[in-house]
Amino acid sequence: MNELKLSKRLETVANFIPKDAIVADIGSDHAYLPCYAVLNGIAKSAIVGEITEGPFQSSKKQVQKSELADSVIVRKGDGLEVLRKGEVTCITIAGMGGALIHKILEEGKEKLEGVVRLILQPNINASVIRSWLLENEWQLIAEEILEEDDKIYEILVADRGDPKIPYHETSLDAGLLFGPFLMKDQQNPFKKKWLQECEHWKTIVEKLNQAANTPENNRKRNELIHQIELAKEVLK
């Protein structure tokens with residue numbers, strides 16, 4: 001993978017960047033995605049945000065190698081603190097856990113002024129991002145699920161709008177957990193992911209049945225049983 005040929009995962013992210021967007025790629029790691037987007041005429045310009053020195057230097061070297069120093073700026077900082085209000089129109093955050101992406105968005109809410117699209121690719125816990133979008137007036141407009149190198153990835157795309165619209169045709173619980181668009185399409189990676197998750201949840205429930213009868217264990221067991229029932233309903 002490089003700035004000319006992305007992984008399937010990052011190419012899917014790039015496909016959702018609006019034409020002529022000014023993109024911020026947070027936690028870019030090598031700056032492949034923003035360089036690709038600018039080189040291919042998708043984005044007008046880009047800002048790369050890195051929190052640690054190693055990825056910061058790697059991204060700077062990649063931008064120089066791609067001869068994009070005038071179009072792609074690399075900054076060091078935590079999450080959206082690398083941005084000024086109204087500076088970008090699209091934000092991409094890929095390859096992190098859902099809880100960390102949630103934290104970045106929540107702590108940087110004031111930097112979302114002028115942003116019209118969020119493209120988010122959590123490695124795990126996509127549901128917490130869907131919940132954040134719902135609570136903060138971002139409408140989920142598309143989702144993709146794909147398998148690459150034996151890993152399954154979900155990509156969530158959101159614009160400003162009525163956050164409840166995607167959930168009109170499904171229960172909110174199921175929509176937030178499985179994704180309203182993904183559960184409608186039910187592609188092979190979707191079925192594979194949730195069948196595996198169900199087996200994992202069942203194993204945990206069995207262990208909790210044998211564990212101490214505490215309020216926390218009971219809460220966790222009931223939550224997992226509810227999720228298993230939701231999955232059965234969705235996958236049937």
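What you find for P122 and E154 is that their closest heavy atoms are CD-O, 3.4 Å. Of all heavy-atom pairs between I42 and Y36, the closest is CD1-CE2, 4.0 Å. When all heavy atoms of L83 and R75 are compared, the closest pair comes out as CA-NH1, 4.2 Å. Here the closest heavy-atom approach between residue V48 and residue A31 is recorded as CG2-CB, 4.1 Å. The two residues V13 and I119 have their closest heavy-atom pair at CG1-CG2, 3.7 Å. Taking all atoms of both residues into account, the shortest heavy-atom contact from P166 to F181 is CB-CE1, 4.2 Å.
Side-chain contact between Q227 and E223: present, with at least one pair of heavy atoms (C-beta onward) separated by less than 4.5 Å. Looking at I101 and V128, their side chains never come closer than 4.5 Å, going by heavy atoms from C-beta outward. Looking only at side-chain heavy atoms (C-beta outward), L182 and Q187 stay at 4.5 Å or farther from each other. Residues I47 and V88 form a side-chain contact, since some pair of their non-hydrogen atoms from C-beta on lies under 4.5 Å apart. Inter-residue side-chain proximity for F190 and V234 is flagged as met; some heavy-atom pair is nearer than 4.5 Å. Side-chain atoms of V157 and L140, non-hydrogen and from C-beta on, never get closer than 4.5 Å to each other. Annotation: side chain of L80 is in contact with side chain of I91 (closest heavy-atom distance under 4.5 Å). Put simply, the side chain of L224 reaches to within 4.5 Å of the side chain of L208, judged on heavy atoms.
By the criterion of side-chain heavy atoms lying less than 4.5 angstrom apart, applied directly or through intervening Ile, Leu, Val, Met, Phe, Trp or Tyr residues, V116 is not grouped with L105; the two fall into different hydrophobic clusters. Cluster annotation: V115 and V23 are assigned to distinct hydrophobic clusters (Ile/Leu/Val/Met/Phe/Trp/Tyr, side-chain heavy-atom contacts under 4.5 Å, transitive). If you chain together hydrophobic residues whose side chains sit under 4.5 Å apart, I204 and I225 fall into the same group. By the rule that hydrophobic residues join a cluster once side-chain heavy atoms approach within less than 4.5 Å of another member, L120 and I124 end up as members of separate clusters. One hydrophobic cluster, built from ILVMFWY side chains closer than 4.5 Å, holds both L10 and I155.
A donor-acceptor pair under 3.5 Å is formed between the side chain of T89 and the backbone N or O of I22. Under a 3.5 Å cut-off, the side chain of R130 and the backbone N or O of P180 do not form any donor-acceptor pair. In this structure, the side chain of E81 engages the main chain of D78 through a donor-acceptor pair within 3.5 Å. Under the 3.5 Å distance criterion, the side-chain polar atoms of N217 are matched with a main-chain donor or acceptor of A212. Remark: side-chain polar atoms of K19 are paired, donor with acceptor, to backbone N or O of G41 under 3.5 angstrom. Side-chain N or O atoms of E50 include none that pairs as donor or acceptor with a backbone N or O of V74 at under 3.5 Å. A donor-acceptor contact shorter than 3.5 Å links the side chain of N123 to the backbone of G95. Of the possible donor and acceptor atoms, one in the side chain of Q139 sits under 3.5 Å from a partner among the backbone N and O of D162.
Once rounded to the nearest 0.5 Å, the distance linking CD of E107 with NZ of K109 reads 11.0 Å. Atoms CD1 and NZ, on I228 and K202 in that order, are 6.5 Å from each other to the nearest 0.5 Å. With rounding to the nearest 0.5 Å, the separation of NZ in K60 from NZ in K76 is 10.0 Å. Residue C35 holds its SG atom at 5.0 Å from CG of L68, rounded to the nearest 0.5 Å. Residue L177 holds its CG atom at 9.0 Å from CE of M183, rounded to the nearest 0.5 Å. Here CD1 of I73 is found 13.5 Å from OG of S59. Values are rounded to the nearest 0.5 Å.
Checked for salt-bridge contact, E147 and K151 miss the test: no charged N lies under 4.0 Å from a carboxylate O. The existence of a salt bridge linking D20 and K44 is excluded, since no basic side-chain nitrogen approaches an acidic carboxylate oxygen closer than 4.0 Å. Under the 4.0 Å criterion applied to side-chain N and carboxylate O atoms, E11 and K8 are not assigned as salt-bridge partners. Taking a cutoff of 4.0 Å between a charged side-chain nitrogen and a carboxylate oxygen, E106 and K103 do not qualify as a salt bridge. Taking 4.0 Å as the cut-off between side-chain N and carboxylate O, E137 and R160 do not count as a salt-bridged pair.
Between W194 and F178, the ring planes are perpendicular. Angles over 60° get that label, and only those under 30° would be called parallel.
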(message) side chain to side chain contact (heavy atoms under 4.5 Å, CB included), that's the test. Do K236 and K232 meet it? Break it down for me.
(response) CA-CA 6 Å; K236 70 179 180 182; K232 284 180 183 176; over 6 Å; no
(request) Check the pair I141 / R117 against side chain to side chain contact (heavy atoms under 4.5 Å, CB included), numbers first and verdict last. (result) CA-CA 10 Å; I141 63 160; R117 176 160 295 180; 3.2 Å; yes
(request) Decide yes or no on side chain to side chain contact (heavy atoms under 4.5 Å, CB included) for L33 and L6, but give the supporting numbers first. (result) CA-CA 7 Å; L33 175 61; L6 297 178; 4.0 Å; yes
(request) Would you check, one step at a time, whether the test side chain to side chain contact (heavy atoms under 4.5 Å, CB included) holds for L118 with L112? (result) CA-CA 9 Å; L118 300 173; L112 296 176; 4.1 Å; yes
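Side chain to side chain, Q62 and S66 meet the donor-acceptor criterion of an N or O pair below 3.5 Å. With no hydrogens or angles considered, a side-chain donor-acceptor pair links D173 and H226 at under 3.5 Å. Side-chain atoms of T12 and E144 include no donor-acceptor pair closer than 3.5 Å. Between the side chains of E206 and Q210, not a single donor N or O lies within less than 3.5 Å of an accepting N or O. Remark: the R9 side chain and the Q121 side chain contain an N/O donor-acceptor pair separated by less than 3.5 Å.
Under a cut-off of 6.0 angstrom, the local environment of CD in E169 is sparse, with at most 12 non-hydrogen atoms contributed by other residues, nucleotides or ligands. Enclosure of atom CD in E67 is not indicated, since only 12 or fewer non-hydrogen atoms of other residues, nucleotides or ligands lie within 6.0 angstrom. Annotation: D185, atom CG; neighbour count of heavy atoms from other residues, nucleotides and ligands within 6.0 Å is above 12. Around atom NZ of K184, no more than 12 heavy atoms belonging to other residues, nucleotides or ligands sit under 6.0 Å away. Within a 6.0 Å radius of NZ in K193, more than 12 heavy atoms belonging to other residues, nucleotides or ligands are found.
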